[in-house]
Amino acid sequence: MNFALYRELLAVRPIRRLLLVGMVARIPHSAAGVLLTLHIVLTLDQGYAAAGAAAAVMTIGIAVGAPWRGRRVDTVGLRTALIPSVISEAVIWSVVPHVSYQWLLPLVFVGGLLTLPIFSVVRQSLGVLADGDQRRTAFALDAITTEVVFMIGPAAGAIVATSGFTVLGLTIVGVSTSLAGLFLMWFNPPTRSPAQDEERSVDERHAAEAAVVSAAPAHLQEAAAELVPAGATHRGPGLRCKVAHNFAWFTATVAAVFAVAAGAGMVLSGTDVGIVAALETGGRQAEIGIVFLFWCAASVVGGLIYGAMHRPVSPILLLLGMAALTIPMGFAHDTWALAFTAILPGLLCAPVLSSASEKVADLVAEERRGEAMGWYGSALTGGVALGAPLAGVFIDGTGPSGGFVSVGVAGVVLCFAGLILQQRRRGRIKAQ
C-alpha cells in the first residue's frame, strides 16, 4: 500500500478544491433523509413504511433525472445545467414541510428530479482531473469525504428533528443546497478535458455545415454524409443508428457495475432507515448520531485503505461482504452494540462506491462520461428507492431488526446472482 498517493493527489489544487466544495455542498442533503423520515413519522404521524415510500418517491425522481442532468452537463456545460436545480432546491424544500403527506409525495418527486447533481458532477470532474492509478485514490478520497459528510449531516438532522424543528430543518436544507449550487456554478470545475472541448467545437462546426448541405437540392445531399460527425444522422433508420451510437458505451460490464451500484444503494438506505427506527422505537433518538459516527468513521478507514492499494478489488465482492455483514446489525439490542456491529459493514461502504465509480470512469469514454455517471447515479438511487421501503415494510411488520436483515439478505442474493451471470458469460466467451 502507498499512502503517499493521498499527499500527491491533495497537492493538486483543483482536486483539493473540488473535494472540499463537494463535501460542503453535500452536507444539506445528507441531513435531508433523517429530517424527512422523522418529519413524516413524528410531525405527520405516519409509519416507517410511509416514510420509506416518500424516500423511494424522491429517489425515483433522482434516478429519472440523473441521466438527463448528466447529459445536459455534457452538452451545455455545468453552469447552464445547474440553473434548474438552484431554483427548485430553494422553492420545493421550502414548501415540502408545510403540506400534508399526500401533497408531499409529488413535491419530493419533483425535488428529486431537479436535485443538485453534486455527486455525479464531482465524480465526472475527478475523472478529468485524475487519470491512471490516480483515479482509484481520487475516487476513494471522494468516498471518504462523503462519509465525513454523513457523520455530520444525519447527526445534525436528528438533533434538529428530535428538537421539534423538522419544518425549519427541511427549509434550511433547500436554501443551503441552492447556495451550494450557486457556489459550484462560480467555481465551475472542469467536466471535459481541453482536448475533448476542442473536438466538440469541431463536431459542432461539422454539424452546422451538414445542416446547410441538407437544405441543398437532392443531388447535393450525398455530400452531407461526409460532413456529419459520428453519432449525427438523419430521420428514419438513421435515427436508430444514432440511438445505438449514443448508447454504445452501455456494455454488459457497465451494466454489471450499475447493478452493484443499485445493490449498494439498497443496503445503505435500508441500513439508514434501520438505524433511525431501532433508536427511535427505543426512545433513544438523540443517540442516532453515535451510530452514524461509528458507521461512517469505519467507512473512512476502509476508503483510506482501499485508495492506497495498488490493485482494484471487484465491486461485486465488496458489496457481497458489506451486505452479509449488515445482517448482524439486526441483532443489536442497544445503541453501543448497534454502533460496534456497524463497523464491519462500514469498512466496505467507501470501497464499494469508489471501486464502482472507478470502473465506470475506466470503461466509458470521456465524451459520454457525464451521461454514464448520471445513469450510475440513477442505479444507485434506484437501489435507495428499493431499500428504504423494503426495510420500512419489515420494520413495521417485525420490528427494527427486520430492516437490517431484509436488505442484507437481498444484497447477498443479488451478488450471488451477479457472480453466477459473470461465470456463465466467461464460459460463453471461452467457448467462442
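Counting only distance, with no hydrogens or angles, the side chain of Gln46 and the backbone of Tyr101 share no donor-acceptor pair below 3.5 Å. The main-chain N or O of Met266 is found under 3.5 Å from a side-chain atom of Ser269 such that the two form a donor-acceptor pair. Proximity of a side-chain donor or acceptor of Thr326 to a complementary backbone N or O of Met322 within less than 3.5 Å is detected. Judged by distance alone, the side chain of Tyr6 and the main-chain N or O of Leu141 form no donor-acceptor pair under 3.5 Å. When atom types are taken as modelled, the side chain of Ser178 and the backbone of Glu89 share no donor-acceptor pair closer than 3.5 angstrom. Judged by distance alone, with hydrogens and angles left aside, the side-chain atoms of Thr145 form a donor-acceptor pair with the main-chain N or O of Asp142 at under 3.5 Å. Although no hydrogens or angles enter the test, the distance criterion places a donor-acceptor pair under 3.5 Å between the side chain of Ser355 and the main chain of Val313.
Looking at heavy atoms from C-beta onward, Leu304 lies out of side-chain contact with Val301 at the 4.5 angstrom threshold. For the pair Asp272 and Phe292, the minimum side-chain heavy-atom distance is below 4.5 Å. Looking at heavy atoms from C-beta onward, Val110 lies out of side-chain contact with Ser88 at the 4.5 angstrom threshold. For the pair Ile40/Leu104, a side-chain contact is recorded, criterion being any heavy-atom separation below 4.5 Å from C-beta on.
Closest of all the heavy-atom pairs between Ala51 and Val41 is CB-CG2, 4.2 Å. Between Val352 and Ala264 the shortest heavy-atom distance is CG1-CB, 3.8 Å. Smallest separation of non-hydrogen atoms from Ser125 and Pro190: OG-O, 2.7 Å. Val57 and Leu105 make their closest contact through CG1-O, 3.3 Å (heavy atoms, listed as atom of the first residue, atom of the second, distance). Here the shortest heavy-atom pairing between Met185 and Arg79 reads O-NE, 2.6 Å. The shortest heavy-atom contact between Thr115 and Ser85 is O-OG, 3.2 Å.
In this structure, CZ on Phe416 lies 5.0 Å from CG on Leu320, to the nearest 0.5 angstrom. Taking CZ of Arg26 as the start and CG of Leu116 as the end, the distance is 10.5 Å to the nearest 0.5 Å. For the atom pair CZ (Phe109) and CD1 (Ile92), the distance works out to 10.5 Å, reported to the nearest 0.5 Å. We find the OG1-CD1 distance between Thr80 and Ile83 to be 5.0 Å, quoted to the nearest 0.5 Å. Taken to the nearest 0.5 Å, the CG atom of Leu82 stands 11.5 Å off from the CG atom of Leu114. In this structure, OG1 in Thr166 is found 5.0 Å from NE2 in His39, a value given to the nearest 0.5 Å.
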Problem set entry | Trace of the side chain to side chain contact (heavy atoms under 4.5 Å, CB included) decision for Phe187 with Leu18 | CA-CA 9 Å; Phe187 172 39; Leu18 174 65; 4.0 Å; yes

Problem set entry | Worked check of side chain to side chain contact (heavy atoms under 4.5 Å, CB included) between Leu338 and Phe404 | CA-CA 11 Å; Leu338 187 61; Phe404 300 112; 3.9 Å; yes

For this session: Under the side chain to side chain contact (heavy atoms under 4.5 Å, CB included) rule, what do Leu268 and Cys349 come out as? Steps first, then yes or no, please.
Result: CA-CA 8 Å; Leu268 291 175; Cys349 288; 3.5 Å; yes

For this session: Decide yes or no on side chain to side chain contact (heavy atoms under 4.5 Å, CB included) for Val34 and Thr37, but give the supporting numbers first.
Result: CA-CA 5 Å; Val34 173; Thr37 297; 5.7 Å; no

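Crowding of Phe394 atom CZ: a count of heavy atoms from other residues, nucleotides or ligands under 6.0 Å not exceeding 12.
Applying side-chain contact (heavy atoms from CB on, under 4.5 Å) to Trp295 and the options Leu347, Ile343, Thr271 leaves one that passes, Thr271. Checking Leu9, Leu126, Val24 one by one against Leu19, the side-chain contact (heavy atoms from CB on, under 4.5 Å) holds for a single residue, Leu126. Applying side-chain contact (heavy atoms from CB on, under 4.5 Å) to Pro97 and the options Val173, Leu107, Leu168, Val167 leaves one that passes, Val167.
Note: Phe340 and Phe294 have perpendicular aromatic rings, judged against thresholds of 30 and 60 degrees for the angle between ring planes.
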